Amino acid sequence: MGDRRPALFLDYDGTLAPIAASPELAVLDESARAAVRRLAALCTVAFVSGRDLDDLTAMVGLEGLIYAGSHGFDMRGPGLRTQIGLEYLSDLEMADGDLRTQLADLGGAARGVLVERKRFAIAIHTRQASPAIKPAVTDMVRALAASQPRLRATGGKELLELRPNMPWDKGQAVLALLDALGLDEAGTLPFYLGDDETDEDAFQALVGRGIGIRVMERPEPTAATWRLRDPAEAVVFLNRLADWLADR
Ligand SMILES: O=P(O)(O)OC[C@H]1O[C@H](O[C@H]2O[C@H](CO)[C@@H](O)[C@H](O)[C@H]2O)[C@H](O)[C@@H](O)[C@@H]1O
């Protein structure tokens with residue numbers, strides 16, 4: 001690390017909060033919150049999540065941090081407020097309506113499919129849906145994205161998302177935050193912890209500049225440098241980093 005100060009970028013679901021049956025059940029363990037609180041007193045800490053900004057802020061429940069919601073389309077922190085893609089909100093609104101109509105047309109077969117509306121994205125959750133209906137839901141979302149070129153479909157854990165079709169992702173968001181916070185390459189070593197395919201954009205953005213850490217039980221292809229097995233191991237790592245920074 002040399003003389004560089006770490007800056008910590010944290011994904012939420014599957015990284016610090018264990019995956020749960022539905023979004024509202026994925027709560028942050030108090031030990032994870034305490035580790036993040038410790039680190040925030042020692043270095044820059046930002047959450048970068050697919051969740052809606054207000055939802056993410058409430059789930060983490062710590063003041064004074066930087067929060068990037070909807071994969072970085074909606075960012076807020078002390079002295080910082082950025083919204084990317086406002087001009088796509090009407091496209092999302094239209095897609096939301098179409099999607100709900102099409103899901104209603106599937107009737108009882110779509111039981112368990114959950115639509116999570118965020119300001120800058122729509123998540124379609126299939127975790128609780130019957131295995132038989134999942135391919136039809138995937139086809140439906142992909143067809144919707146194909147018919148609305150201003151939106152694109154991305155994936156996740158038992159999840160499909162519609163979001164603005166523009167070159168913006170977690171990687172761009174992390175680079176923009178580093179820039180906005182004046183954290184230059186010479187003085188800062190960014191760490192990014194994430195568990196999912198959308199986090200790969202951030203790992204990629206930090207190649208040669210920082211350290212990506214993918215939380216995953218088994219090794220998979222990734223642009224991250226290190227691996228931690230699960231959120232519990234991620235908390236151990238955060239506490240070790242805090243110990244090290246406190247002793248520095
Ligand atoms: O970027 P993240 O913080 O990892 O957010 C990604 C998505 O996480 C949430 O969905 C995921 O977690 C749920 C709760 O554990 C789980 O039920 C679901 O299957 C996962 O895909 C969140 O609800 C989404 O909005 C985020 O995009």
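Nothing fancy with the numbering, it's 1 onward along the sequence. The shown structure was predicted, so the numbers you read here are calculated from the model rather than taken from an experiment. In each ligand, atom 1 is the first atom listed, and ligand 1 is the first ligand listed. Basis for what follows: all heavy atoms, side chains included, without hydrogens, waters or symmetry-related copies.
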I need the atoms of ligand 1 closer than 4.0 Å to a non-hydrogen atom of [X], numbered in the order shown.
X	result
Lys170	1 (O), 2 (P)
Glu161	27 (O)
Ala26	14 (C), 15 (O)
Pro23	14 (C), 23 (O)

Does Gly156 come within less than 4.0 Å of ligand 1, judged by its heavy atoms?
no
Any Ser22 heavy atom less than 4.0 Å to ligand 1:
yes
Atom 2 (P) of ligand 1 - nearest protein heavy atom and its distance
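Atom 2 (P) of ligand 1 sits closest to the protein heavy atom Asp11 OD1, 2.8 Å.
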Evaluate Ala123 for polar contact with ligand 1, using N/O atom pairs at a separation under 3.5 Å.
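Checking ligand 1 against Ala123, no N or O pair falls under 3.5 Å apart.
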Please check whether Tyr12 reaches ligand 1 - meaning an N/O of the residue sits under 3.5 Å from an N/O of the ligand, judged on distance alone.
yes
Compare [options] and give the one whose heavy atom is closest to [atom].
atom	options	value
atom 3 (O) of ligand 1	Pro18, Gly155, Ser49	Ser49
atom 5 (O) of ligand 1	Leu25, Asp13, Leu56, Leu159	Asp13
atom 17 (O) of ligand 1	Ala20, Ala121, Ala68	Ala20
atom 20 (C) of ligand 1	Lys118, Lys157, Arg117, Gln128	Lys157

Taking ring pair (Phe, Tyr, Trp, His ring centres under 6.0 Å) as the test, write out the residues that go with Phe9, two or more places apart.
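Ring pair (Phe, Tyr, Trp, His ring centres under 6.0 Å) check on Phe9 returns nothing, list empty.
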Kindly write out the residues that satisfy ring pair (Phe, Tyr, Trp, His ring centres under 6.0 Å) with Tyr12, not counting sequence neighbours, or none if the list is empty.
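Here no residue qualifies.
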Please confirm whether the ring centroid of Phe203 lies under 6.0 Å from the ring centroid of Tyr192.
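Yes: the rings meet the under 6.0 Å criterion.
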Approximate separation, where rounding is to 0.5 Å, of Arg214 CZ and Asp199 CG:
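Output value for this atom pair is 7.5 Å.
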Against Glu161, only a single residue in Lys118, Arg117, Arg51 fulfils salt bridge (Lys or Arg N to Asp or Glu O under 4.0 Å); can you say which?
Lys118
For Ile66 and Pro78, which heavy atoms make the closest approach, and how far apart are they?
CG1-CD, 4.3 Å
Could you check whether His125 and Glu116, counting side-chain N and O atoms only, form a donor-acceptor pair closer than 3.5 Å?
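Short answer, yes.
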Could you check Asp196, Asp195, Asp13 and say which one makes a side-chain hydrogen bond (donor to acceptor under 3.5 Å, both in side chains) with Lys157?
Asp195
Cation-pi check, Arg150 to Tyr88: give yes when NZ or CZ is under 6.0 Å from the six-membered ring centre and within 45° of the ring axis, no otherwise.
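Flagged: Arg150 positioned over aromatic ring of Tyr88.
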